[in-house]
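Note sheet for the following structure.
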Amino acid sequence: MEYLNKLNKEQRAAAMYTEGPLLILAGAGSGKTSTMTHRIVYMTEEKGIDPYNILAVTFTNKAAKEMKDRVETLIGHGLNSWILTFHSACLRILRSHAEVLGYGRDFAVYDPTDQKTMIKNIIKELGIDAKRYTPSYFLGIISKCKEKPITAEEYTNVYGDDIKAKTVAQVYGMYERALKKNNAMDFDDLLLNTVRLFKKDETVLLKYQNRFRYIMVDEYQDTNRMQYMFIKMLAEAHNNICVVGDDDQCIYQWRGADIRNILEFEKDFKDVKVVKLEQNYRSTSNILGAAHSVISNNRSRKSKKLWTDQDAGNKIVYYRAEDERDEAYFIASEINRMKSSDRKYNDFAILYRTNSQSRTFEEALSRREIPYRVLGGLRYYDRKEIKDITCYLRLVQNKADDLALIRIINEPKRGIGGKTLEKLRTLAAVRQESIFNTLMDREVISSFSSKISSNIESFTELINSYSSEKENLRISDIYDGLLVKSGYLKALEEQNTLEAESRIENLMEFKSVIYNYEDEDPNITLPEFMERIALLAEVDNHDAGENAVVLMTMHSAKGLEFPFVFMPGMEDGLFPGWRAFDREDGLEEERRLCYVGITRAKERLWLTSAERRTLYGKTDYTRESQFLRELDKSLIEGDAIFEKKKRDVGQGVFSDGITEGSSFKPFDQLKYARQQMKKNLEDSSDDLSAGDMVSHPKFGEGKVLSCDGKIVQISFDGDVKKLAVGFAPLKKL
DNA sequence: CTCAACTAGGTTTTT
DNA sequence: CCTAGTTGAG
């Protein structure tokens, strides 16, 4: 019980209240995670609750991982509770019961890019005027529907049956059918289908109700309707549900988060115990005061007031820059200045409203050779090259994935262009089979010119050889092999541009991600790996130990903290964003976001804005953010010090002597990784004959039994494996 | 079929 | 400003 002494009175009360519904209203920095982890420890260690019966859901993988790690550190061993994100919890459940809903067990998860591609196809197919209806228009509506939920059939009943609604309903319907046909679910489906599953098959629901007798939900203020139903259905049986949240930090309403979930929790469940955590352990009182002066302009909020016993600390710095470059250079030099006093780079964070703001900062930071890390924005697998290679992997795993095939069949260029592909698609549609299957038909292939048909053949051969070997190969070897043998890497190298170089770099980085997974679980299979990737946001990759300044949106920063925080772009129209005024509650949500941003800071906070800002190629004069006007002025240190110094001294030279154009080389892992990859593949010798001794990275040493030039049979300790010559990573001994 | 040159449209935030 | 998509010349 000693470990509970680290908690304050309220925290302890929350941790020890294990039976019945519990609402923890936890202000920013009030030790929420600590309370939750101790609660789990208390339940398992003191109350004798089997960890197997505990379910804890979070929004991000990062939060889930952190909670799990912290519990395991406290108890000193692993535990078999489910501590997962909503989406991965649903995915896990669906994997075991998908057939109840008519899906195959190995259904794919489609990410937003896939969704967009599908909608584009449908728009084309229906001949819809692409100028009036964009893919994102449909996707937005569809996603909203799935949150309610409203099916495609119900759509016109709800929204009338004018042309517009009919079009939407039609697209929605086709989208759903296409998903089903591809045996795929989108992110919304994961939740929706789990709830459907629970409704459809009571034994399944009972099974999980019976397992999860104790349920915890993090960031409850951000749950949407489906997430609420998911939790509610599971919790109904035992009623041991603990939700943690802060209505002031609800920043996902635009995405369907329903703030009523937390405001009405006390009505939803009977005899709710409420605990308020109001002592902030994170920030100085100046920072807290600033946060409070902003958020108190919101009308609809549960009453609570954070307090701290920390000192006032430094005042908040506000700097009004000339333009966004000046803003970035100011921040970069402030980091330099602070850094000298034995601080590490990862003590600094730059939190902005929109991802597009990151560019200027990247420039300014690299010019000063300040290491930085941009999180979010284009996610890893949204980048073209990552998406491409992922599609190769997807196709290897599941040859029926038409979406993946279409994307890569001519990437890199192998002379299979639009015309050819169109023929193949219609043919496959007529024959009601996957495109890949159609490609395997010799008759079909021979109907094309000899050049095209041989191209097709080598493509199918490439996929097939890895597909048949996928059980034997490590993911990293499949990855290397595909990159090299598809010619993808070569095509990039031949471009010989800076851009191609950075693409290669990204591919190498992706490879190190693969290595990490393999290190954690040497037996990880391709499907397992793909699954983890699908639900991974880049923020989850944030390594707090890396000595680099962190750049991300305020949204992504929720749940994190930094000693020094910069919030640039404090201008009306940017923050709060102009779009905030479309929605009734939009401004309040922006204000909550501002609150979240400010409360990330532990010691010092800088706010900046620019007089002129170039956005989408247009330069405009700006007005200082209304949030600045709301801030308690007595907490701000003026910008007097900076006003007099012109930061731009002459052409391209900045006041601290850094010259424009001095290039910045990040690091040269890249060359090394590429050499290794090539070497790895060259090792896979193709001139093997019976009797040779070889070594395989996964199976160890073995003896070649036979080799016909295509397939080699090797005995590893009596275990005979068939491997494809030229593809398996074999080393002749 | 590919490549280059051009145009139009779009940007909030994310699992 | 950037990207994705289109068009026209090889």
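Because the structure is a prediction, the values reported are computed rather than measured. By convention in this document, chain letters (A, B, ...) are assigned in the order of the sequence lines, proteins followed by strands, and residues within each chain are numbered from 1.
Both tests pass for A:Arg95 against the ring of A:Phe107: distance under 6.0 Å to the centre and angle within 45° of the axis.
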Exercise for the section: Output, in order, the C-alpha distance, side-chain angles, deciding distance and verdict of side-chain contact (heavy atoms from CB on, under 4.5 Å) for A:Met570 and A:Thr608. Expected result: CA-CA 6 Å; A:Met570 300 296 296; A:Thr608 63; 5.9 Å; no

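Taking atom CG on A:Leu375 and atom P on B:dT14, their separation rounds to 11 Å, with Å as the unit. In this structure, the CG atom of A:Asn224 is 10 Å from the C1' atom of B:dT15, given to the nearest Å. Whole-Å rounding puts the A:His555 NE2 to B:dT13 P distance at 9 Å.
Listed nucleotides: B:dT2, B:dT13, B:dT15. Nearest to the side chain of A:Thr85: B:dT15. For A:Ser556, the listed nucleotide lying nearest its side chain is B:dT14; candidates were B:dT13, B:dT15, B:dT14.
Here A:Asn455 does not reach the OP1 or OP2 of B:dC1: none of its side-chain N or O atoms lies under 4.0 Å away. Side-chain N/O atoms of A:Asn355 include none lying less than 4.0 angstrom from OP1 or OP2 on B:dT11.
Nucleic acid contact class of A:Tyr252 (heavy atoms, under 4.0 Å, all strands): sugar-phosphate only. Within the nucleic acid shown, A:Asn410 comes within 4.0 Å of sugar-phosphate atoms alone, with no base atom in reach, counting heavy atoms only. Looking at heavy-atom distances under 4.0 Å, A:Thr420 makes contact with sugar-phosphate atoms alone, never a base. Looking at heavy-atom distances under 4.0 Å, A:Lys120 makes contact with sugar-phosphate atoms alone, never a base.
Taking the six-membered ring wherever Trp is involved, the centroid distance between the rings of A:Tyr172 and A:Phe138 does not fall below 6.0 Å. Between A:His555 and A:Tyr252, the ring centre distance stays below 6.0 Å. For an aromatic pair to be called close, the ring centres must be under 6.0 Å apart, and A:Tyr208 with A:His97 satisfies this.
Under the stacking definition used here (centres under 5.5 Å, planes under 30°), the residue A:Trp254 qualifies as stacked on the base of B:dT13.
With 3.5 Å as the limit, one finds a donor-acceptor pair spanning the side chains of A:Tyr488 and A:Asp388. In this structure, a donor-acceptor pair under 3.5 Å is present between the side chains of A:Asp186 and A:Gln115.
Judged as a salt bridge (charged side-chain N to carboxylate O under 4.0 Å, His left out), not a single pair has a partner in residues 133-142 of chain A (not counting sequence neighbours).
Nucleotides of DNA chain C lying under 4.0 Å from heavy atoms of chain A occupy a range whose first and last members, 5' to 3', are C:dC1 to C:dG5.
The 5' end of DNA chain B is approached more closely, in terms of each residue's nearest nucleotide, by A:Trp578 than by the other of A:Arg255 and A:Trp578.
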Restricting both atoms to N or O, compile the protein contacts to nucleotides 3-10 of chain B shorter than 3.5 Å, with distance only.
none

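More than 12 heavy atoms of other residues, nucleotides or ligands shown are found within 6.0 angstrom of NZ on A:Lys232.
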